[in-house]
Amino acid sequence: MNGPDGFTAGLSTYGAAPTVVGRHVIFRVDVVDGRFAGQSVETAAVLDELDRWPLVPPHWIYLPDNVTFAATNTQPCSMPGWLGHSRQIVGWGADPDPIAGWVAHVRGVIGEAT
Amino acid sequence: MTARTTSVAMTADVAEILRDHVERADGQEDICLATYRPSTGATRTTALLTSVVTPIPGEREVHGNASITGDYVLRAAVVAHDRGDGLVLCHSHPAGRGWQQMSGPDFDAEHSFANLVRELTGLPLVGMTYSGGDHSWSARHWDRGTGLDVSPSHCHNVRAVGERLDISWNNKLVPPPAATSAQRRSVSCWGPAVHSNLVRRKALVVGAGSVGLDVAIRLAATGMLDVTVMDFDTVEPGNLDRLIGATPHDALAGRAKIQVAERLMRSAATAAVPAFEFCDFSIGESEGLSVALDQDLIISCVDRPWARIVLNQIAYTDLVPVIDGGISIDVFDDGKGMRNATWRSHVLRPGRPCLVCNDQVDIADVSLDIQGLLDDPTYIAGAGRQPGGQNVALLSISVAASLLAQFVSFNVAPGGIGDPGPLQYLLSTHTLTHLSATTRPGCPYERAEAVGDVRQDLTGEHPAAEEHRARRRSAHREGLTSRCLARLATWFQRRVEQRARHQLDRGDLPGNLDGGSGGRN
């Protein structure tokens, strides 16, 4: 399954408990490094960026306002208290499961939070 | 309206498996079934072979000729149906050479199964013949009529995509062109048979910028018959230092880059009757993708991630090989000098790593490109990115040369060696390196090999392309007199060149233009 449905179903199978709120898919990531190590942090992807999942993963990682970075490029989010963070992706396709690859990518980004 | 054509494509691996089953040591005919997926372009439908379904004992008899049982067809059709595939019936002519016509028994055999196969699979039967004499293929789609009136559309070609692109041509439908007098030197590089096979290949050049324009002109000059150039962009003054052959008047007139390409290609063309097409869509638009699926191969001369990822996809999903490359110029941080320049080229095809596995596309940038943010000054400034890749006419020719060298290797295979894999040239040290990139275990592009029309749709609305087209339609940047004069000049130039070509082809040459027998150009 591809697209937003494939993304959401994949997160469910992965155990990330996704929910769709408006134009966003919100799910949780267990963080292992940095300020949020040991915590389960909410994150989101926007449905508009999921039409071509998994061939084209999202660029923007949406995080609650309390997740901040020393340097980041942001854009507003329609969900109050959230921001979108621009991030490159290294090594897409290294994980046979694209959901696992995306969660690992987000986990790595949150691990850099200050 | 262009009539629809048909073709067959397969990987070299599938071709080898199929050949192993129908080519017998005892010289008799043999027969085998296979499955396929359709790939539908603007004017051509291609059957992409996906697997070979070999007969089990009792399903096939060899008796000089070969025959199969209805049970074998049923079993294979169920396999095909369960996958959403169609069915291929392939037999061999051990002593055959070139494209094979169907004998009466061959026609009757395929005709007898055509309706049943379409009922079971929902797709037309595809018939194939292997010529043992020269290892070539011929094919037809049984897609016309129904019942007793069912009949085949004979394919234009059969393509096997491996280290080289092997193409078997239906000489009746795509006649080998006679080489023109202007092509003598080109033909002498690889011989008339190779030249004839090469120039009939349908090629698409995506991007008519500094690299693509040069590539397209050289394909035309070599004698390629069927070249399409795709670009939605407009000539701007800032392009003139790299768009060789474009003029200040092109920029003033706001001409489409494909108009410049058309002018220069028609001037350079050595084919007697070239069939060039010019398309002002983006490959990211469904219309552009449709044109791309009609091609035998594509040369990617774009640097935008969305365009490149669509091309990356169809290299695997539709077995349309893509020759891709690019240049990166590093300048010192203070802007006072060039640190290095690097150019790369590679062929995207099954058996080679895709653009993402090759680290040639940042996959996260594709989404940005689709959203238009790579052209958004606010986003670019906030992300600390450079507004656009540097390039210079002195080096874009090197990229074009690298792409064309890959083209020659892949299509002509000098010394029997096909595509060399990814190549990189470092200007500062003048080092050419063969790069070893490997496919990542989860690559979704390479896993979708030969899926054809069920590929995931990566196309969409392209506001930048729409804006360029709309601007050209509404703009009248040059006066009426200038427009009329420019059109008159183009008309005269074409007439003069046509007359010159006819004169050269008749051999009607002035005494000092007899060509010579070699020496320096």
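What you see is a predicted model, and the numbers here were worked out from it, not measured in a lab. Throughout, protein chains are lettered first and strands after them, A, B, ... in sequence-line order, and every chain is numbered starting at 1.
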Problem - Cationic N near anionic O, under 4.0 Å, B:Asp375 to B:Arg304 - result: yes
Exercise for the section: Please flag which part of B:Thr459 lies under 4.5 Å from any non-hydrogen atom of chain A: side chain, backbone, both or neither. Expected result: backbone
Exercise for the section: Could you tell me which portion of B:Glu446 (side chain, backbone, both or neither) has an atom closer than 4.5 angstrom to a non-hydrogen atom of chain A? Expected result: neither
Practice task
Count the heavy-atom pairs under 4.5 Å between each of B:Val366, B:Ile363, B:Val356 and chain A, then report the option with the highest count.
Solution key: B:Ile363
Handout entry: Sidechain N-carboxylate O distance under 4.0 Å for B:Arg440, B:Asp359
Key = yes
Practice task
Might you point out which heavy atoms bring B:Asp419 and B:Gly421 nearest each other, and give the distance in Å?
Solution key: OD1-N, 2.8 Å
Exercise for the section: Pick one of side chain, backbone, both or neither for B:Asp457, based on which atoms fall under 4.5 Å of a heavy atom in chain A. Expected result: backbone
Handout entry: Portion of A:Asp48 that has a non-hydrogen atom of chain B nearer than 4.5 angstrom
Key = neither
Completion exercise
Greatest number of non-hydrogen atom pairs under 4.5 angstrom with chain B, of A:Asn2, A:Leu55, A:Asp51, A:Val56, falls to A:Leu55
Handout entry: Choice from B:Cys357, B:Pro441, B:Ala448 maximising heavy atom contacts with chain A below 4.5 Å
Key = B:Pro441
Practice task
Check the angle between the aromatic planes of B:Trp306 and B:His462 and answer parallel, tilted or perpendicular using the 30° and 60° thresholds.
Solution key: parallel
Handout entry: Heavy-atom pairs under 4.5 Å with chain B, option from A:Pro96, A:Gly3, A:Ser86 with the top count
Key = A:Pro96
Handout entry: Under 4.5 Å from a heavy atom of chain A, the part of B:Cys443 involved
Key = backbone
Practice task
Give a yes or no answer on whether the side chain of B:Asn312 reaches the backbone of B:Cys354 with a donor-acceptor pair at less than 3.5 Å.
Solution key: no
Practice task
Considering only heavy atoms and a distance below 4.5 Å, find which of A:Gly91, A:Gly101, A:Pro54, A:Pro58 pairs most often with chain B.
Solution key: A:Gly91
Problem - Distance, nearest 0.5 Å, that separates OG1 of B:Thr35 from CZ of B:Arg83 - result: 4.5 Å
Problem - Between CD on residue B:Glu287 and SG on residue B:Cys279, distance to nearest 0.5 Å - result: 8.5 Å
